[in-house]
Amino acid sequence: MNRKKRTRLIIGLLLIVISLPSITPMLMEYAYRIEMNMRYDITELNAHYAGAPDDTHFNGNIIRASHIATGEPYLDGWDDLVHPADIRITVGGETVETLENYPVQLFQSEIAVEGLDRYTHYLTYWTVEDRLTGDDFFAINIWQNGYDTKQHGDGEVMEGYVDLEDLEYKLITIQQDGTVDEELFSFENKSKLQTQLITEQYSGPINYHLPPGYYYPSLLYPLIYPWLTTLVGLVLVIFNLPYGLRKKKA
């Protein structure tokens, strides 16, 4: 092997090595999304259309969310007028969860807000079908923190705001026979399926292997690094391997 080919081979190997820490979780994320799309059919009712009803039927069970105002309205962190209220979630007429003093949005730009839109992003309805087992269930995902923010001035910290990585959730599931279960999880400690049941309306795409913000790329990351660096590294390695090694690999 001459000196030029050896230099190009070393550069290619270095590019691959420095790209691996970033490219590996990206490839794992793509594999995860393919796995989820193949196994599950998941629908978020809140995102299905504006004003989705806050009561729905699932295998003969009526699932309903209702609220009773508990205080005076105020402006939240996004300058929307909200009313503090106790939200009651019932399944078949039986209360399964009560959310105390959660903000309820009744108007947006002087237009009445209806259905699930009143509970914005902190209370979401989902239907889940497991194609592998043939089972399906209804899910309600509830924010446990970060839902109650207050209006703030320029340069001020938003009262009640919680970083995405610190959010906590309660997941209520209703099986076909009406059995109700619940589980707690956090953004940092979530299963593959729980990841799919975090709404994207608030923060954009939710990742399982990748940190938040990956789907807002720049030219440098991830386009140049690690995708382009990995591609260039592979080309340099493939075309500068000693002929004997390439023949053996073939």
Side-chain angles (χ1 to χ4, degrees), residues 25 28-29 32-33 36 40 42-47 52 54 56 63-68 70-71 74-78 80 82-91 94-105 115-128 137-152 156-175 179-216:
M28 293 172 64
E29 186 71 27
Y32 156 75
R33 292 187 177 276
M36 293 292 101
Y40 296 103
I42 301 174
T43 301
E44 180 186 357
L45 272 63
N46 303 58
D54 47 21
T56 187
I63 302 162
R64 176 176 288 119
S66 60
H67 63 272
I68 299 176
T70 58
Y74 60 91
L75 294 176
D76 67 7
W78 287 268
D80 291 322
V82 296
H83 296 247
D86 289 346
I87 302 172
R88 189 165 66 107
I89 301 172
T90 61
V91 177
E94 295 187 11
T95 300
V96 297
E97 185 72 21
T98 300
L99 310 176
E100 297 182 354
N101 290 320
Y102 270 59
V104 175
Q105 185 178 357
L116 288 177
D117 289 348
R118 292 178 294 185
Y119 310 124
T120 63
H121 52 269
Y122 61 77
L123 192 158
T124 51
Y125 283 9
W126 306 77
T127 58
V128 182
F137 63 89
F138 193 93
I140 304 171
N141 197 10
I142 304 166
W143 284 31
Q144 298 291 283
N145 61 348
Y147 53 83
D148 190 14
T149 60
K150 300 294 193 299
Q151 186 185 42
H152 62 293
E156 296 179 352
V157 176
M158 185 188 300
E159 181 183 345
Y161 176 79
V162 175
D163 287 334
L164 185 63
E165 296 90 337
D166 296 324
L167 289 175
E168 299 174 348
Y169 308 90
K170 174 180 284 189
L171 184 65
I172 299 175
T173 58
I174 300 96
Q175 306 299 326
T179 301
V180 178
D181 298 303
E182 64 179 48
E183 51 195 66
L184 300 175
F185 67 99
S186 66
F187 188 89
E188 288 292 292
N189 185 22
K190 56 189 183 296
S191 70
K192 289 183 176 182
L193 181 56
Q194 288 168 346
T195 302
Q196 296 290 303
L197 302 179
I198 299 176
T199 182
E200 298 182 351
Q201 295 184 66
Y202 172 73
S203 57
I206 305 297
N207 306 316
Y208 183 68
H209 294 287
L210 291 169
Y214 166 73
Y215 286 96
Y216 301 99

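Since we're looking at a predicted model, the values are computed, not measured. Here, residue 1 is the first one in the sequence, and each next residue gets the next number.
Residues Thr124 and Ile198 form no side-chain contact, since every pair of their non-hydrogen atoms from C-beta on lies 4.5 Å or further apart. When side chains are defined from C-beta on, Thr173 does not count as touching Val128, because their heavy atoms never get closer than 4.5 Å. Between Asp166 and Phe187, the closest side-chain pair of non-hydrogen atoms is not below 4.5 Å. Within the 4.5 Å cutoff, the side chain of His121 has heavy atoms near those of the Trp143 side chain. Val162 has its side chain out of reach of Glu168: every pair of non-hydrogen atoms, C-beta onward, lies at least 4.5 Å apart. The shortest side-chain heavy-atom distance between Glu97 and Ile140 does not fall under the 4.5 Å cut-off. No side-chain heavy atom of Asn101 sits under 4.5 Å from any side-chain heavy atom of Asp148. Between Thr120 and Val82, the closest side-chain pair of non-hydrogen atoms is not below 4.5 Å.
Rounded to the nearest 0.5 Å, atoms CG (Asp80) and CG (Leu75) are 8.0 Å apart. The OH atom of Tyr119 lies 5.0 Å from the CG atom of Asp54; values are rounded to the nearest 0.5 Å. Distance OH/Tyr32 to CG/Leu210: 11.0 Å, rounded to 0.5 Å. With values rounded to the nearest 0.5 angstrom, Gln105 atom CD is found 9.5 Å from His83 atom NE2. Taken from CZ in Arg64 to OG1 in Thr90, the straight-line distance is 6.0 Å, to the nearest 0.5 Å. Going from atom CZ of Phe138 over to atom CD1 of Ile172 covers 10.5 Å, rounded to the nearest 0.5 Å.
Around CD1 of Ile68, the count of heavy atoms belonging to other residues, nucleotides or ligands within 6.0 Å does not exceed 12. The environment of Glu100 atom CD is sparse: at most 12 non-hydrogen atoms of other residues, nucleotides or ligands sit within 6.0 angstrom.
In terms of heavy-atom proximity, Leu167 sits nearest to Gly146 at CD2-CA, 4.3 Å. Minimum interatomic distance between Ala85 and Val104 (heavy atoms only, all atoms of both residues): CB-CG2, 3.7 Å. Thr149 and Gly77 get closest at one heavy-atom pair: OG1-N, 2.9 Å. Taking both residues in full, the closest heavy atoms of Asn189 and Gln194 are given as O-OE1, 4.4 Å, listed atom of the first, atom of the second, then distance. Thr95 and Arg88 get closest at one heavy-atom pair: OG1-NH1, 2.9 Å. Taking all atoms of both residues into account, the shortest heavy-atom contact from Tyr208 to Lys190 is CE1-O, 3.4 Å.
Within the 3.5 Å criterion, the main-chain N or O of His209 finds no donor-acceptor partner in the side chain of Asn207. Formation of a donor-acceptor pair under 3.5 Å by the Asp181 side chain with backbone atoms of Gln175 is not found in this model. Side chain of Thr70 to main chain of Pro84: a donor-acceptor pair is present (N/O by atom type, distance under 3.5 Å, no hydrogens or angles). Using a distance-only test at 3.5 Å, with no hydrogens or angles considered, no donor-acceptor pair links the side chain of Tyr169 to the main chain of Asn141. Asp117 contributes no side-chain N or O that, together with a main-chain N or O of Ala52, makes up a donor-acceptor pair within less than 3.5 Å.
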Next on the checklist: Let's go through Ile42 and Leu193 carefully: what are the C-alpha distance in whole Å and the side-chain angles of both, what is the deciding distance for side chain to side chain contact (heavy atoms under 4.5 Å, CB included) to 0.1 Å, and is it a yes or a no?
Outcome noted: CA-CA 10 Å; Ile42 301 174; Leu193 181 56; 3.9 Å; yes
Item to check | Audit row: Met158, Trp78, side chain to side chain contact (heavy atoms under 4.5 Å, CB included) steps and yes/no | outcome: CA-CA 9 Å; Met158 185 188 300; Trp78 287 268; 4.0 Å; yes
Item to check | From CA spacing to verdict: side chain to side chain contact (heavy atoms under 4.5 Å, CB included), Ile142, Ile87 | outcome: CA-CA 11 Å; Ile142 304 166; Ile87 302 172; over 6 Å; no
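Under a cutoff of 6.0 Å and an axis angle of 45°, Lys150 and Tyr74 form a cation-pi pair.
Ring-centre distance between Tyr147 and Tyr102: below the 6.0 Å cut-off.
Using a 3.5 Å distance cut-off with no hydrogens or angles, the side chains of Glu44 and Thr199 do pair a donor with an acceptor.
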